[in-house]
Chemist: 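This is the structure, below, for whatever I ask next.
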Amino acid sequence: MDLRHEAFCFADRLFYDEQQENGAPVEDFTASLSAPDTGWVTTDRGGWRVVQPRGLVLPAQGWQIRVSAGLDNASRVLAQVYESCAQHMVTYRHLRSLLTLLARNSKYASAESAAELATIYPVDHHELELVLADLSTRLEGEHGPDIPNALRYGDGPLYVRYGGFVEQWVEHNGNRVPAVRKPDGRLVPEKREPAFSVPDWVKLPACLRSSIAARNAGARAQFPYRMTRPLHVSTGGGSYLAHPRLADVKAGGDQVVVKEARPHAGLDESRIDAVERLHREHEVLSRLAGIPGVPRVVERFTVAERDYLVTECLPGTSLTGWLSRNYPLTSSNTTTADLVAYVRRALEIVAGVEKTIAEIHAHGLVLGGLHPQNILIDEDHHDRTSLTGFGTAFDAESADRPAMGTPGFRTPADRSGFAIDEHALAALRLWLFLPLWPLAELAPDKLRRIADFVDRRFPLPEGYADAAVAVLAPREGPAEPAPVHTELDHDKPDWPLVRKQIAEAILASATPARQDRLFPGDIEQFRVGGACFGVGAAGVLHALDVAGAGRFPEHEHWLIEAVRREPPTRPGFYDGSSGIAYVLENFGHHDEAGKLLASSARLVEQTTDHSLESGLAGIGLTLLHFATVRQDNEFGRQALTTAVRLAEALETAAPPGTSARAGLLSGWAGPALLFLRLFERTGEPAWLSFADQALCRDLEECIEADDGSLQVRDGATRTLPYAGFGSAGILLVAEQLARHRPDAEAGDSLPALRDACLAEFVAEPGLLNGRCGLTVALAASPDAHHPSRVAAIDRHLEWLAWYAVPYKGGLAFPGNRLLRLSMDVKTGGAGILLSLASLFDGKEVLPFLGGKPSSPTTGH
């Protein structure tokens, strides 16, 4: 289960955001520390403050000291770090607020989000030993979460690892990752595995030998289970499928689930850590022993200060996975019989869950965390249901409440006791028939619309949806939120007005006073930067211009200053310098664009990724664009060199994997687009052959779905029809190849690729990850004016009303996971704006794809 987006939902009700600089009152650590004297330089970088002796030049890499702390002792620990580093004149960085520490150590934070409070950068072994000795005395008796990929020093919250001091990057498996330099000068990925490790060329300092010995002694105590597969890993620990190392009588040698909990880590909104939740789960499961659908406890034990709970492994897959395989409206040829069969199975699942919840209530307990991911469906035994995740359960007679929850299923403020589970059950009853449920929390007025659709589209018992609404509606105030109608709800929307309203919402969301982002978008902007094309300001400003909403010099100034302040560390089009340079060049900021491309030359040399999003395809198309608009043959030569590198890589491309790497952004459709543009520029037919070969490579990633359509395979059971990652992206490029070479091999797949764009239900509205991408791909096909295709396009446009949320006089749309609104190109309003400009005005939907004929829609 991917909880990354949930971790960015705490700071703001409408937008994904980090837990800092959002205007909320927080405990600012810097306020409690005396200001450094003139011999020090301080720099704020996101949630961190860096404190460094003036004039000191750090080595590029070395031994780092990481310091952790709990929320209760963080200020005290940080004060000791400050004093020690000031005394020894050592560079360090620390988190700026308690809120940021909580976010990095929350239950929803990723496993890679180490929960350190501070990192210290000693320049050599002598300084390392000096600071460790001093701090181990100062921090005696203090506590903090352990840092898994570092070596613990002493008994306090001190950890050591070898890594980079300054930013160094290298490409690895298609991603740019932090790097360290070997003695021969080569950059290699910095090891960031869960366990502590040392590069083979690095000598262990003498002061760490006792720590290594202690670690090795602990490792010799054999862990009683052999982990076979992680189910979920986070800062608080993880859940794993496992087998006993010996045929243990208690476990019977069967597969079990081992849950790990780290003390002081994985805090929830009530600041309860993973260990306390694990203890609570153990107590609850013991009380519920013998209830069908509740896992049996095998044992609980502690190893190396970590707590473990072992339970039987109940058969089945999550209800979320079951729905993705069985939901009938994702097929393009659903029949009435299909709907009847689905309703029968779904109602049986609801009944099974209700029965187990009733048994739990009979034991005086509230589950408190019911949601689809915690429900298992055993399809081999007539969809038998069972439950997991009992760490949020509590006594019904207590005043307790769940501190967290899944959006759409979490507990409203007006519920307590058994009513908490009844609310989640009512949400489940509707979710099974329209899984857009997070919208009901983001925009509560959507509740009645969801219920009406469920009643109208599925042959359900009379009053089924109304009964669910009666439970879900607020208990105080109006029985149901009043429906909010937008321009999209009209039978024939005024599309120019819709586009104007989308642009107004985008502009109203701008935060020019912030340095990290200008427009709110997907959580990726906090990883790749808020200036980039895909999820940042460059793409949004491009979309506003292309759609006719205008140019905004103050926002263009923000973009230029952002790049000057923090130059991109990636050369790609959607996530780095190429896309930003493209936009700046088109806006007339030629010097800034040229400097940005020149500064990225070294990064381009190191790039081997083939993709349009991050790699050579996007870089090559950018260079070709500069060659055209500047009439500069040098850019043309560089574009040609890049294309040759891609053609050579295509010949030795790795075979298809198990997870999706096909489509416009991530697959070989991106290089195919570059080959097509080179053919149009040079007239050399070999480029068409390369384009065909590249598209056929992406088609190897596709499988035939149940409805006969062709979609990209993503894992064992999931398929993707989308433009960015999926078959619609392949279709967009294959249609262009077919116009140049009708007999291309990839052209044989066009009908099945088009059929993948016809599904009635699409989870998200966006251009690259949702419904708008399917709409644009359908409109680009030669048969787009056929009545059946026009009807499909109109249906996609009609469904946009489902997602539209009024925002400051405009219209906004939710991004990934539907949890928060987004304004970016990849997932949000800017991408939808580009889609409508393409459909109604023939504008280029995305750079390098070219324009298209007038809209084939009926004007819905």
Side-chain angles (χ1 to χ4, degrees), residues 532-534 538-539 541-543 545-547 571-587 593 597 600 604 607 609-630 632 635-636 638-643 645-647 663-682 687-688 690-692 694-695 698 723-725 728-740 746 767-768 772-773 776-777 779-780 825-826 830-831 834-835 837-838 841-852:
C532 65
F533 189 93
L541 296 177
H542 167 82
D545 181 46
V546 168
F573 188 87
Y574 280 82
D575 63 355
S577 54
S578 292
I580 301 171
Y582 172 90
V583 172
L584 291 176
E585 177 71 10
N586 291 349
F587 284 168
L597 283 189
S600 301
V604 172
T607 298
D609 178 13
H610 62 265
S611 73
L612 178 62
E613 179 171 34
S614 305
L616 294 173
I619 293 166
L621 284 162
T622 303
L623 293 169
L624 196 60
H625 175 74
F626 272 69
T628 302
V629 298
R630 292 194 177 188
D632 188 328
F635 283 115
Q638 293 176 27
L640 187 62
T641 300
T642 302
R645 291 176 62 188
L646 281 168
L664 188 64
L665 289 188
S666 61
W668 282 96
L673 186 61
L674 173 58
F675 298 148
L676 282 171
R677 298 289 89 93
L678 277 171
F679 164 75
E680 293 167 352
R681 182 179 175 91
T682 67
W687 293 119
L688 292 182
F690 285 126
D692 194 13
L695 288 170
D698 258 12
F725 307 91
I730 304 172
L731 175 61
L732 282 166
V733 183
E735 296 282 18
Q736 297 194 30
L737 173 62
R739 289 199 287 270
H740 291 299
L767 170 56
L768 286 161
C772 279
V776 169
V825 167
K826 281 182 68 174
L834 284 171
S835 302
S838 171
D841 295 341
K843 298 285 184 146
E844 184 178 52
V845 65
L846 287 168
F848 319 123
L849 278 174
K852 66 171 198 61

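No hydrogens, no waters, no symmetry mates; every other heavy atom, side chains included, goes into these values.
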Chemist: Working to the nearest 0.5 Å, report the span between CZ of Phe635 and CG of Leu597.
Modeler: 5.5 Å
Chemist: For the atom pair NE2 (His740) and CG (Asp692), what is the distance rounded to the nearest 0.5 Å?
Modeler: 13.0 Å
Chemist: Would you say that Leu768 contacts Leu846 through its side chain, given a criterion of any heavy-atom pair below 4.5 Å between the two side chains?
Modeler: yes
Chemist: Taking Asp698 for the side chain and Gly667 for the main chain, is one N or O donor matched with an acceptor at less than 3.5 Å?
Modeler: no
Chemist: Is it true that a side-chain atom of Ser578 and a backbone atom of Pro571 form a donor plus acceptor pair closer than 3.5 Å?
Modeler: yes
Chemist: Who passes side-chain contact (heavy atoms from CB on, under 4.5 Å) against Ala672, sequence neighbours left out?
Modeler: Ala691, Ala694, Leu695, Val733
Chemist: About how many Å separate CD of Glu585 and OG1 of Thr622, when rounded to the nearest 0.5 Å?
Modeler: 11.0 Å
Chemist: If the condition is side-chain hydrogen bond (donor to acceptor under 3.5 Å, both in side chains), which residues does His625 pass it with, not counting sequence neighbours?
Modeler: Asn586
Chemist: Nearest 0.5 angstrom please: Leu664 CG to Leu673 CG, how far?
Modeler: 7.0 Å
Chemist: Could you tell me which residues satisfy ring pair (Phe, Tyr, Trp, His ring centres under 6.0 Å) with Phe675, sequence neighbours excluded, listed by chain and number?
Modeler: Trp687, Phe690
Chemist: May I ask you to test the Arg645-His610 pair for a side-chain heavy-atom distance under 4.5 Å?
Modeler: no
Chemist: Give the ring-plane orientation class for Tyr574 versus Phe533, where under 30° counts as parallel, over 60° as perpendicular and anything between as tilted.
Modeler: perpendicular
Chemist: Only counting residues at least two apart or in another chain, list the ones meeting side-chain contact (heavy atoms from CB on, under 4.5 Å) with Ala777.
Modeler: Ala728, Leu731, Leu732, Cys757
Chemist: Would you call Lys826 and Leu665 a side-chain contact if the rule is heavy atoms closer than 4.5 Å?
Modeler: yes
Chemist: Could you walk me through whether Thr607 and Asp609 satisfy the side chain to side chain donor-acceptor pair (under 3.5 Å) test, starting with their C-alpha distance in whole Å, then the side-chain angles of each, then the deciding distance to 0.1 Å, before giving a yes or no?
Modeler: CA-CA 6 Å; Thr607 298; Asp609 178 13; over 6 Å; no
Chemist: So which atom in Gly670 and which in Ala617 form the shortest heavy-atom distance, rounded to 0.1 Å?
Modeler: C-CB, 3.5 Å
Chemist: Might you point out which heavy atoms bring Ala723 and Gly773 nearest each other, and give the distance in Å?
Modeler: CB-CA, 4.1 Å
Chemist: Keeping Asp841 on the side-chain end and Lys843 on the backbone end, is there a donor-acceptor pair under 3.5 Å?
Modeler: no
Chemist: Check Leu767 against Ser835 and note the closest heavy-atom contact, atom names and distance.
Modeler: CD1-OG, 3.4 Å
Chemist: Identify, with sequence neighbours excluded, every residue that meets ring pair (Phe, Tyr, Trp, His ring centres under 6.0 Å) alongside Phe848.
Modeler: Phe573, Tyr582
Chemist: What distance separates Ser577 OG from Ile619 CD1, expressed to the nearest 0.5 Å?
Modeler: 7.0 Å
Chemist: Is the shortest side-chain heavy-atom distance between Val546 and Glu844 below 4.5 Å?
Modeler: no
Chemist: Can you name the closest pair of heavy atoms from Gly576 and Cys532 and give their distance?
Modeler: N-CB, 4.2 Å
Chemist: Given the rule in the side chain to side chain contact (heavy atoms under 4.5 Å, CB included) test, do Leu541 and Phe587 qualify, once you have shown the distances and angles that lead to the verdict?
Modeler: CA-CA 10 Å; Leu541 296 177; Phe587 284 168; 3.9 Å; yes
Chemist: Do you know the tightest heavy-atom contact between Ala830 and Ala543?
Modeler: O-CB, 3.6 Å
Chemist: Do you know which two heavy atoms are closest between Asp575 and Ser614, and how far apart they sit?
Modeler: OD2-OG, 2.6 Å
Chemist: Donor-acceptor pair, Gln736 side chain versus Leu849 backbone, under 3.5 Å?
Modeler: yes
Chemist: Return the CG to CG distance between Leu674 and Leu612, rounded to the nearest 0.5 Å.
Modeler: 9.5 Å
Chemist: Please name all residues satisfying side-chain contact (heavy atoms from CB on, under 4.5 Å) with Arg681, sequence neighbours left out, ordered by chain then number.
Modeler: Leu624, Ala627, Thr628
